[in-house]
Every structure is written in structure tokens, then in C-alpha cells.
2 protein chains.
Amino acid sequence: MFNRHFPPFERHSRLFEKGDLKYVILNLLKDKPSHGYEIIRAMEDTFHGFYTPSAGSVYPTLQMLDDMGYVSSSERDGKKIYTITEEGKKFLKDQKDVIEKIKGQMKDWWGPRDHEEFHESIRELRNLGRLIHQKAHNMAPEKWKDIREAISRSCREIEDIMGKE
Amino acid sequence: MFNRHFPPFERHSRLFEKGDLKYVILNLLKDKPSHGYEIIRAMEDTFHGFYTPSAGSVYPTLQMLDDMGYVSSSERDGKKIYTITEEGKKFLKDQKDVIEKIKGQMKDWWGPRDHEEFHESIRELRNLGRLIHQKAHNMAPEKWKDIREAISRSCREIEDIMGKE
DNA sequence: TGATGGATAACGATATATCGTAACATATCA
DNA sequence: TGATATGTTACGATATATCGTTATCCATCA
């Protein structure tokens with residue numbers, strides 16, 4: 001459902017400050033050698049699905065860390081595993097307070113919150129979107145009119161609640 | 001917003017019959033040599049964004065067509081362009097009625113319909129989802145409760161309309 | 001000091017490819 | 001003939017990587 005016809009979630013602001021991503025990645029690799037994709041997934045989990053780092057930054061950052069000697073990579077079955085080096089571990093230790101600051105920011109961004117409730121409601125919305133998406137291609141005009149009106153009304157109502165301060 | 005925490009649209013049924021995809025792809029290549037990704041996009045456009053073929057089938061099918069000699073590929077800037085061969089054109093011509101049947105099915109799937117209205121309403125839903133997604137991480141509990149209730153009620157209402165026959 | 005320009009890294013789009021899963025058609029068996 | 005098994009391909013997940021865009025920081029200038 002997310003493609004050029006239904007433009008994706010647009011953030012228009014960055015979650016990570018410039019230069020911070022490499023610390024996060026190194027910190028993850030400290031625990032476990034990983035594929036690029038696994039790093040993306042691990043970060044996604046950290047934010048309970050509400051943020052996903054872009055492959056466009058993760059892969060170049062991994063390459064940069066490799067160039068700097070903080071990470072090494074090996075290829076297996078055509079897939080790359082990245083491993084932190086001793087230099088990388090030393091760098092991490094030296095930058096301990098930067099990492100603590102970043103961790104704090106990540107924690108602040110994701111408040112102490114029961115994300116299951118969020119997931120449930122987003123899932124409800126998603127299921128609805130899915131249903132509409134599945135039926136849209138051959139829906140009767142009158143029914144569609146009713147549905148469109150209900151969608152508009154509902155969206156306005158919910159946005160009003162959210163707008164209230 | 002579509003990731004493992006918010007499972008993607010699940011079709012659980014195929015749009016194309018087994019073996020039909022290769023005809024669709026060849027037909028597209030007849031008009032224009034393309035990247036795999038361009039073929040995916042062209043098909044997505046055909047269905048106005050309501051269906052997207054899987055890379056998991058498109059790429060192997062292109063490879064198969066290459067193996068069969070109906071398509072040739074050349075690489076430029078690390079990216080592959082697929083071009084229909086004379087054999088492929090002949091095969092297309094020989095299978096003209098199969099292709100007409102498939103075209104008919106595609107047309108039937110996508111009824112004569114003004115998709116702009118669909119897009120608009122899906123967009124509204126999406127914008128709502130986006131707003132929630134952006135605010136979820138630090139929303140006040142009481143407000144969230146109100147929003148959750150509104151979401152559930154709205155979804156039920158719309159699903160009820162859709163359920164009516 | 002505020003405005004402007006430039007640099008850079010995170011984000012988003014483009015592009016590739018394979019493996020695992022499931023739908024579904026066909027063959028086989030009772 | 002209906003039930004079961006098998007094979008195959010579309011779908012979905014995993015995995016990679018680069019280019020174009022944009023947000024944002026920092027430097028420079030007036």
C-alpha cells in the first residue's frame with residue numbers, strides 16, 4: 001500500500017543528529033556481528049517499529065566504519081557480516097559519554113510507554129486500510145460514497161482530538 | 001510504518017495465474033527495454049497503485065525469460081536493462097490470445113473507475129496514520145485513550161458499511 | 001549579530017537478487 | 001469421484017547497495 005501512488009510516511013526531520021548513527025551502529029555490533037539488514041531491524045525494534053533507519057545511511061556508515069578500521073566485514077553466502085574490531089571497541093570506550101548522551105536522547109524520544117496499545121490501534125487502522133485497498137478495485141459507487149464520507153468524518157474527528165492541547 | 005511491528009498488507013491470493021506473469025512482462029518489454037524495477041513500477045501504475053508485483057517473482061521471471069532467449073540483458077552502471085529479443089516478439093505474437101485473455105482479466109480486476117477518489121480517501125487515512133505515528137512516542141495517556149476509542153469506533157463504522165451487501 | 005552559503009550525513013528513492021512461504025493447479029490414489 | 005500428494009510459480013521476507021534529496025550544522029560575510 002506504500003508506493004508512489006500512496007506516498008510514504010514523511011518525517012521531514014531527523015531522529016539522529018549528524019554523526020550519531022555510527023555510535024549506535026558500533027554499539028550494536030559490540031553485542032553481535034550482524035548483517036546490515038539485521039542492524040536496521042535491531043534499531044527498528046529499539047523503537048518498537050515507530051522508526052526505521054534508512055538503508056541509505058546504514059550501508060554507507062558501515063562502509064565508512066570499515067574504512068576507518070572500526071569494523072571488519074566478511075562475506076558468506078553472498079551476504080556480508082560486519083564485526084567490530086578491537087580498534088572499534090577502543091573507540092567506543094573512549095567515546096563513552098557521547099554514547100550515553102545518544103542513549104538518553106533515544107530514551108527521551110521513546111517515552112516510557114506501553115507500545116502494545118499503540119500497535120493495536122495502528123493495526124486497527126491498518127486493517128481498515130487493507131480492507132479498503134482490497135475492495136477498492138470493484139466497489140459499488142454508492143457504497144464507496146458512504147465510505148468516503150465516513151473516512152473523512154472520522155479523520156477529522158481524530159485529528160481534532162489530537163490537535164487539542 | 002510497514003515493518004515487522006505493523007505487518008504489511010497480506011493478500012493471501014494471487015492476482016496473476018500461474019505462468020501469466022511472463023506474458024505481462026514480455027508485453028511491457030515489447031514497448032520499452034527496462035530495469036527490473038521499472039517493470040515493477042510500470043505494473044504498479046497499471047493498477048494505479050493497488051497492486052504491486054513482487055520483486056521475488058519479477059526478477060526470477062526475467063532471468064527465466066533470459067535463459068529462454070526471449071529477453072536479453074545488458075549491464076550499465078551496475079544496473080541491468082532487459083530487452084525483448086526477436087524470439088520473444090515471435091513468442092508474443094504466437095501467444096496473442098493468451099495475452100488478450102490476461103489483459104481482459106486485468107481490466108476486469110480493475111473496474112472502470114475513477115481512482116482519484118480512492119487515492120484521496122486512502123491518502124486521508126494514511127495522513128491520519130502518519131500523524132498518529134509521529135505523535136505516538138510521547139502522547140499523553142488521556143488523549144491517547146480518547147484517540148484509541150475514536151479509532152475503534154470509526155473502524156467499526158466503516159467496516160460495517162463495507163460489510164453490507 | 002543576523003543572514004547567507006556550503007558541507008555533510010540522515011533520509012528516501014532507485015535498483016538488484018535470493019530464499020522461504022503459500023496458493024493453486026494437476027496428478028495420483030482409494 | 002473425492003481426497004491426498006506433488007510441483008510450480010507468485011508472494012513476501014531477507015539482504016544488499018548507490019544515487020538524489022533534504023535537514024541541519026557550521027563557517028563566512030555584511
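Chain letters run A, B, ... following the sequence lines, proteins first, then strands; residues in each count from 1. Side chains included, hydrogens not; waters and symmetry mates left out as well; all remaining heavy atoms used. As the structure is a prediction and not an experimental result, all values here were calculated from the model.
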Closest nucleotide among [options] to the [X] side chain:
{"X": "B:Lys18", "options": "C:dT14, D:dA15, C:dA23", "answer": "C:dA23"}
{"X": "B:Arg41", "options": "C:dT14, C:dA17, D:dA10", "answer": "C:dT14"}
{"X": "A:Lys79", "options": "D:dT16, C:dA17, D:dT9", "answer": "D:dT16"}
{"X": "B:Ser57", "options": "C:dC11, C:dA17, D:dA10", "answer": "D:dA10"}

Study note, to complete from the structure: Minimal heavy-atom distance between B:Ser73 and B:Asp66, with the atoms involved, is OG-OD2, 3.2 Å
Point to revise | Considering all heavy atoms, the nearest A:Ala150-B:Ile161 contact | key: CB-CD1, 4.0 Å
Could you tell me how far apart [X] ([atom1]) and [N] ([atom2]) are, to the nearest whole angstrom?
{"X": "A:Met43", "N": "D:dA15", "atom1": "CE", "atom2": "C1'", "value": "17 Å"}
{"X": "B:Glu38", "N": "C:dT14", "atom1": "CD", "atom2": "C1'", "value": "10 Å"}
{"X": "A:Asp77", "N": "D:dT16", "atom1": "CG", "atom2": "C1'", "value": "14 Å"}
{"X": "A:Arg14", "N": "C:dA9", "atom1": "CZ", "atom2": "P", "value": "10 Å"}
{"X": "A:Ile40", "N": "D:dA13", "atom1": "CD1", "atom2": "P", "value": "16 Å"}
{"X": "A:His35", "N": "D:dA15", "atom1": "NE2", "atom2": "P", "value": "5 Å"}
{"X": "B:Ile39", "N": "C:dA17", "atom1": "CD1", "atom2": "C1'", "value": "14 Å"}
{"X": "B:Leu21", "N": "C:dC24", "atom1": "CG", "atom2": "C1'", "value": "16 Å"}

Review point. Salt-bridged, B:Glu44 to B:Arg41, with N to O below 4.0 Å?
Key: no
Check your understanding: Are B:Glu87 and B:Lys90 within salt-bridge range, i.e. N to O under 4.0 Å?
Key -> no
Exercise for review: Hey, which sits more toward the 5' end of DNA chain C by its nearest nucleotide, A:Phe16 or B:Glu75?
Suggested key: A:Phe16
**Study point:** Which residue lies more 5' along DNA chain C, comparing B:Gly56 with B:Glu17 via nearest heavy atoms
**Key:** B:Gly56
Point to revise | Within-4.5 Å side-chain heavy-atom neighbours: A:His35 and A:Tyr82 | key: no
Please tell me if [X] has a side-chain N or O lying less than 4.0 Å from either OP1 or OP2 of [N].
{"X": "B:Lys80", "N": "C:dA17", "result": "yes"}
{"X": "B:Tyr51", "N": "D:dC11", "result": "yes"}
{"X": "B:Tyr37", "N": "D:dC19", "result": "no"}

Review point. Are more than 12 heavy atoms from other residues, nucleotides or ligands located less than 6.0 Å from atom NZ of A:Lys101?
Key: yes
Review point. Quick one, which residues of residues 59-71 of chain A touch DNA chain D with a heavy atom under 4.0 Å?
Key: A:Tyr59, A:Pro60
Practice item. For the pair B:Tyr51 and B:Phe16, name the ring-plane relationship: parallel under 30°, tilted 30 to 60°, perpendicular over 60°. Key: perpendicular
Review point. Taking only residues two or more places apart in sequence or in another chain, which ones pass salt bridge (charged side-chain N to carboxylate O under 4.0 Å, His left out) with B:Arg153?
Key: A:Glu157
Exercise for review: Describe the nucleic acid contact of A:Asp20 in one word from base, sugar-phosphate, nothing, applying a heavy-atom distance below 4.0 Å.
Suggested key: sugar-phosphate
